[in-house]
Engineer: 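One structure is given below, represented as structure tokens, and several questions about it will come after.
Note on naming: letters A, B, ... go to the chains in the order of the sequence lines (proteins, then strands), and numbering restarts at 1 for each one. Given the structure is predicted, the values throughout are model-derived calculations rather than measurements.
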Number of protein chains: 2
Amino acid sequence: MAKYLNEFDATMQMIQGKWKIMIMYELAEVETSRFGALQRHIQDVSHKTLANQLHELEDDNLISRHDFKTAEPHVEYRLTETGKSLIPILDAICDWGDTHIDHNLMDRSLCDE
Amino acid sequence: MAKYLNEFDATMQMIQGKWKIMIMYELAEVETSRFGALQRHIQDVSHKTLANQLHELEDDNLISRHDFKTAEPHVEYRLTETGKSLIPILDAICDWGDTHIDHNLMDRSLCDE
DNA sequence: CAGTATCCTATGGGATACTG
DNA sequence: CAGTATCCCATAGGATACTG
């Protein structure tokens, strides 16, 4: 067992990143979105960090970037098939936390807003 | 959807940490182990970091610590039930990586040893 | 609008020495 | 053996300004 530790690390690299799951869930919901729209929906993410995480997600083939090269810049992002296949894993992580973490004691994360 | 982001973050906090999954897999395999044994099995982990991650896993109730308070110091660690319940999630993360990441291009993790 | 570049800080983790 | 304490460095991410 435990033969897939490299795969674990590689997968963790992909989903680590303060805003990545929010980006992916947003794209899972709206199908396609733009830089500005993402920044508006994902409150508190800094400009630079959003750009970084979009880059990493794209490099990891979890999202795709479509540049419409018009006069007025227009770029769209959406999930790839690989990205979609990761959603159930993210859901599983959320669900585990929901059932195993005491909501009153969830002090190591920003619990409520 | 995406209502469990706090739970996601909290769970990620728990499984992030360079050696945590190795500690948990080791304990899943041998049931019970000691500080020195863990350090011998988990090559390359530093003394301080192993101590830190054991602490965090214990604080998160994923492992338990049993101090036998004998003359010769003797402490044992093992998975809690909560810790055991996390193993399938870790397996799912490994499996996803195994099926979705190109092994030849797994350059963002230390692929082979 | 969709970025890139620069500067700054907080945190994780390694090396090492010390303690009971 | 099972830790704790100190020092150091690399990286993630925020704030902000600049570019096409």
Engineer: Mapping A:Arg40 and B:Ser46 onto DNA chain C by nearest heavy atom, which one lands closer to the 5' end?
Structural biologist: A:Arg40
Engineer: Quick one: do B:Lys20 and B:Glu56 make a salt bridge, cutoff under 4.0 Å?
Structural biologist: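 A salt bridge links B:Lys20 with B:Glu56.
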Engineer: Side chain of A:His47, base of D:dG14: donor and acceptor closer than 3.5 Å?
Structural biologist: no
Engineer: Please state how far atom CD in A:Gln16 lies from atom P in D:dG13, giving the value in whole angstrom units.
Structural biologist: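 These atoms are roughly 9 Å apart.
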Engineer: Which of these nucleotides, D:dG3, C:dA2, D:dG13, is closest to any side-chain atom of A:Thr49?
Structural biologist: D:dG13
Engineer: With respect to the side chain of B:Glu72, which nucleotide from C:dA2, D:dG14, D:dC1 is positioned closest?
Structural biologist: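 Side chain of B:Glu72 sits closest to D:dC1.
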Engineer: What nucleic acid atoms does A:Tyr77 come within less than 4.0 Å of, heavy atoms only: base, sugar-phosphate, or nothing?
Structural biologist: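 Sugar-phosphate, no base atom in range.
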Engineer: How many whole angstroms separate atom CH2 of A:Trp19 from atom C1' of D:dG14?
Structural biologist: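 Those two atoms, CH2 and C1', are 10 Å apart.
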Engineer: Is C:dG20 paired to anything, Watson-Crick or G-U wobble with both distances less than 3.5 Å, and if yes, which nucleotide?
Structural biologist: D:dC1
Engineer: Would one find a side-chain N or O of A:Arg65 under 4.0 angstrom from OP1 or OP2 of C:dG3?
Structural biologist: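 Yes, A:Arg65 has a side-chain N/O under 4.0 Å of OP1/OP2 on C:dG3.
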Engineer: What is the separation between atom CD on B:Gln13 and atom C1' on C:dG12, rounded to the nearest whole Å?
Structural biologist: 12 Å
Engineer: D:dA2 C1' sits how many Å from B:Gln53 CD, rounded?
Structural biologist: 17 Å
Engineer: Could you tell me whether a side-chain N or O of B:His41 sits under 3.5 Å from a main-chain N or O of B:Ala37, the two making a donor and an acceptor?
Structural biologist: yes
Engineer: In whole Å, I'd like the distance from the CD atom of A:Gln39 to the P atom of C:dG3.
Structural biologist: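 Between P of C:dG3 and CD of A:Gln39: 11 Å.
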Engineer: Counting side-chain heavy atoms from C-beta on, which of C:dG3, D:dG13, D:dG3 comes nearest to B:Val75?
Structural biologist: D:dG3
Engineer: I'd like to know if the side chain of A:Thr49 pairs up with that of A:His47 as donor and acceptor (distance under 3.5 Å, no hydrogens or angles considered).
Structural biologist: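 No, A:His47 and A:Thr49 have no side-chain donor paired with an acceptor closer than 3.5 Å.
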Engineer: Return the pairing partner of D:dT11 with a 3.5 Å limit on both distances, Watson-Crick or G-U wobble; otherwise return none.
Structural biologist: C:dA10
Engineer: Applying side-chain contact (heavy atoms from CB on, under 4.5 Å) between B:Tyr77 and each of B:Leu57, B:Ile23, B:Leu27, B:Thr32, report the one that passes.
Structural biologist: B:Leu27
Engineer: Can you measure A:Glu76 atom CD to C:dG3 atom C1' for me and round it to whole angstrom units?
Structural biologist: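 My rounded result for the distance is 16 Å.
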Engineer: Does a side-chain N or O from A:Arg34 land closer than 4.0 Å to OP1 or OP2 of C:dC1, or not?
Structural biologist: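 So the side-chain polar atoms of A:Arg34 never come under 4.0 Å of the phosphate oxygens OP1 or OP2 of C:dC1.
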Engineer: How many whole angstroms separate atom NZ of B:Lys48 from atom P of C:dG12?
Structural biologist: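 Rounded to the whole Å, the gap is 9 Å.
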Engineer: Are the ring centres of B:His74 and B:Phe35 closer than 6.0 Å?
Structural biologist: no
Engineer: Measure the distance from NE2 on B:His66 to P on D:dA2 and round it to the nearest whole Å.
Structural biologist: 14 Å
